[in-house]
Number of protein chains: 2
Amino acid sequence: MLPPRRQKILAAIVEQYIETGEPVGSKSLMSLPGFDVSSATIRNEMAELTALGFISQPHTSAGRVPTQYGYRYYVDNLMQPAELEENERRRIEAGVDYRSGDPEQLLATAGEALVDFTNFAAISTTPSDEHAFIKNIEMVPVSPKMAMIVMLTSTGILKSKACRTDVPIVVDLQETFQNLVNQNFIGRPLSDINTVMIQTLVASLGAKALSMSPLLVTIADLVEAASISEVNLSGQSNLLGYKEYNETAGQLLDFLHRDEPLNMLVSSSSDTDSDIEIRIGSENRFKELENSSMIISKYKIGDNATGAIGIIGPTRMNYSKLIPSIKYLTDIISRVLSDVYEEETDLGEEEN
Amino acid sequence: MLPPRRQKILAAIVEQYIETGEPVGSKSLMSLPGFDVSSATIRNEMAELTALGFISQPHTSAGRVPTQYGYRYYVDNLMQPAELEENERRRIEAGVDYRSGDPEQLLATAGEALVDFTNFAAISTTPSDEHAFIKNIEMVPVSPKMAMIVMLTSTGILKSKACRTDVPIVVDLQETFQNLVNQNFIGRPLSDINTVMIQTLVASLGAKALSMSPLLVTIADLVEAASISEVNLSGQSNLLGYKEYNETAGQLLDFLHRDEPLNMLVSSSSDTDSDIEIRIGSENRFKELENSSMIISKYKIGDNATGAIGIIGPTRMNYSKLIPSIKYLTDIISRVLSDVYEEETDLGEEEN
DNA sequence: TTTAGCACTCGAGATATTTGAGTGCTAATT
DNA sequence: AATTAGCACTCAAATATCTCGAGTGCTAAA
């Protein structure tokens, strides 16, 4: 544990650097209220903090800059989370679309809100639940040879996709389809449905195989889309404005463009139990993010499904303000989605 | 009309500059095959071309760079459209999703293909047709208090949105809804449906108003989404790589992020009759695009609906290759979408 | 009309100079 | 033992100076 004065100095360096982006010198700290020692004393302490790895110098004759360990110590031990102001709360709330019951849409708009609020890039995943099952599948004929297939999962995810059929859609075909769906899909976990399963099913249909095949393939598409926890990223262009990305902005955006690493980034957050996770610099395991931090918070729907939402930005970000903001947003999302979910579940059971 | 030799020099300057990005000097032109005159002669011609405004010098002792008028003259008079190679055709074709009948999805994937193929940003609009009407609306109950509303327009646009109702969805309610839809929406032009119309309708429903209201509002949302020709942009991060955007990349991306100007950019292309439009530098009316060019091509569905797809990049782009590529892509899109459309229309009429 | 020749221009790159914020160390002070 | 004043030192950033050469425009001869 650092002695109090050293803590105070570290905190001051982190906070001032977050604010100004310039290396912090001993004199500017001395002039801060509450610092009644000389700059030489501060320099001695700074030398210690440097030896301990919490701060570093860009070059010998410059001030100090927090290292990622400095940020980490600050976040874990020194930072005082800011109280959100009323208008900030309102701004965050306004970003959540209470009305629609569709989690994807809600997360998309919430992400946009985060982008506006933080000026960083926002990242979110749709809820995933390894025990999710298919609650409902409907076929909607919209024109003679085109139908829309709509699927609802136990998690509340709603997916739909158009499907052109080779033969005209008649009542008979619809009934066949609905029977197939009832027998083979409703109530089954998403993980059960895959290409092989679909092919076997098609093979067993005999004469009806031809007409059913495109519809069933579309179901497989929907299941896949619902299983993969989709990662949504927005506000990337905000990052261009930060001078820490001057040179590497292109690389970073390219990296964020690829889906796989994003998925890993968000999903790997499940190994801790805390509901909010802060990853500073190389704590994100990707080299492309060594100068970036993520604040990721998990939301829950009911007791099983979880997803995450958060931000990506330069390590120099205002942790003490952002962390409570994201916490607050996540609480709202959890509440809204759980409400919808429970309402559905209750009603569903009443029906039986 | 420029004398032949001057044309030849202008074309060579444009082409070499497009390739290298460096100002083109008289000597490097002289060494090109087919130039049998001295560098002094070329310099004289270049002086003329400069006076005419087709080329300019970054500074007195540098080579020449095409002005936007130079590019324009080149595109209009000098350029020889490249023949697409077999593998290029295949790459373009591979980007078009023949199977799904959904124009939006098709355009999205085609845009991605353009991004990969050209390394620029791609822009596209969904088809719009001022005479479009509602062909079909279906309500799909997916859970006790949630329904999916699906709408198909005469243009083939398929839109769907979830809607939570305040009361449980029963057969009675579905019938009421379907009657309402048949009487008030099917066959009516999209432009007829607006908030006022919906409100009047709701008001006339008496006791049923409460249960119908959220469903009808959702229809309004769908109609709006289908009327507004949505602009899709992708591959913006490609632009970061071009040195002409070194400084202004952020501004450009911010600009492209906003929806309104994009809409104007694409829709204003309707004033010419040609099916492909090339806008160089300030011919795009926005200051943010003064160093950019767009190649935008219109596609058609049947005889009425049109939309556009194209690219945005630095004025220094390979027009002679890109123009035929985009033309080719647009032809494919038009053909696929028109096929679907006609098939639908024919079948629809057979039905009657 | 074309071309060889030449003086001229000016950006890019290399090198030198200056400046000042900030440091670490030492020796005196508390 | 902890603090501080004082001072020599360091080094990036800003500024100035120099050199180089690609490319030009012009002139006078072919």
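Excluded from the calculations below are hydrogen atoms, water molecules and symmetry mates; all remaining heavy atoms, backbone and side chain alike, are included. In what follows, chains carry the letters A, B, and so on, assigned in the order in which the sequence lines appear, proteins first and then strands, with residues in each chain numbered from 1.
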Worksheet, complete the sentence: Shortest non-hydrogen pair, A:Pro324 vs A:Pro81, comes out as CG-CB, 3.9 Å
Fill in: B:Asn284 side chain vs B:Ser292 backbone, donor-acceptor pair below 3.5 Å
yes
Worksheet item: Given side chains that start at C-beta, do those of B:Ile278 and B:Ile296 come closer than 4.5 Å, heavy atoms only?
Response: no
Worksheet item: Rounding to a whole Å, what distance do you find between A:Leu29:CG and C:dA21:P?
Response: 16 Å
Fill in: Contact letters for nucleotides 1-6 of chain C, in which S counts primed atoms plus P, OP1 and OP2 and B counts the base, heavy atoms under 4.0 Å
-SBSB-
Worksheet item: With B:Tyr17, which residues qualify under ring-ring contact (aromatic ring centres under 6.0 Å, His included), at least two apart?
Response: none
Response to the item:
All heavy atoms of A:Thr330 vs all of A:Ser297, minimum pair found to be OG1-OG, 2.8 Å
Worksheet entry | d(CZ, B:Arg64; C1', D:dA22) in whole Å | 13 Å
Discussion item. Can you tell me how the ring of A:Tyr71 sits relative to the ring of A:Tyr319, calling it parallel under 30°, perpendicular over 60° and tilted otherwise?
Written reply: tilted
Item to complete: Inspect the contact between A:Asp254 and A:Arg258 and indicate whether a charged nitrogen and a carboxylate oxygen are less than 4.0 angstrom apart.
Response: no
Discussion item. Using whole Å, what does the distance between atom C1' of nucleotide D:dT3 and atom CZ of A:Phe35 come to?
Written reply: 16 Å
Worksheet entry | B:Glu48 CD - D:dT24 C1' separation (whole Å) | 15 Å
Practice prompt. Please report, rounded to the nearest Å, how far the P atom of D:dA5 is from the NZ atom of A:Lys27.
Written response: 12 Å
Discussion item. Nearest whole Å is fine: how far is D:dC26 P from B:Ile42 CD1?
Written reply: 18 Å
Worksheet item: What residues in residues 51-60 of chain B put a non-hydrogen atom under 4.0 Å from any atom of DNA chain D?
Response: B:Gln57, B:Thr60
Discussion item. Evaluate B:Leu78 against B:Tyr73 for side-chain contact (heavy atoms from CB on, under 4.5 Å), listing each step before the verdict.
Written reply: CA-CA 7 Å; B:Leu78 309 178; B:Tyr73 192 92; 3.8 Å; yes
Anything under 3.5 Å between a protein N or O and an N or O of nucleotides 14-19 of chain C, put it in a table, one pair a line.
none

Fill in: Nucleotide nearest A:Ser61 (side chain, heavy atoms from C-beta), chosen from D:dT10, D:dG25, C:dT23
D:dT10
Fill in: NZ/NE/NH1/NH2 to OD/OE distance under 4.0 Å, A:Arg72 and A:Glu283
yes
Residues 27-37 of chain A, side-chain donor-acceptor partners within the protein, below 3.5 Å, at least two apart:
| unit_1 | atom_1 | unit_2 | atom_2 | d |
| --- | --- | --- | --- | --- |
| A:Ser28 | OG | A:Gln16 | NE2 | 3.3 |
| A:Ser28 | OG | A:Gly25 | O | 3.1 |
| A:Ser31 | OG | A:Ser28 | O | 2.9 |

Item to complete: Would you mind listing every side-chain hydrogen bond (donor to acceptor under 3.5 Å, both in side chains) that reaches into residues 78-90 of chain A, with sequence neighbours excluded?
Response: A:Glu88-A:Lys321
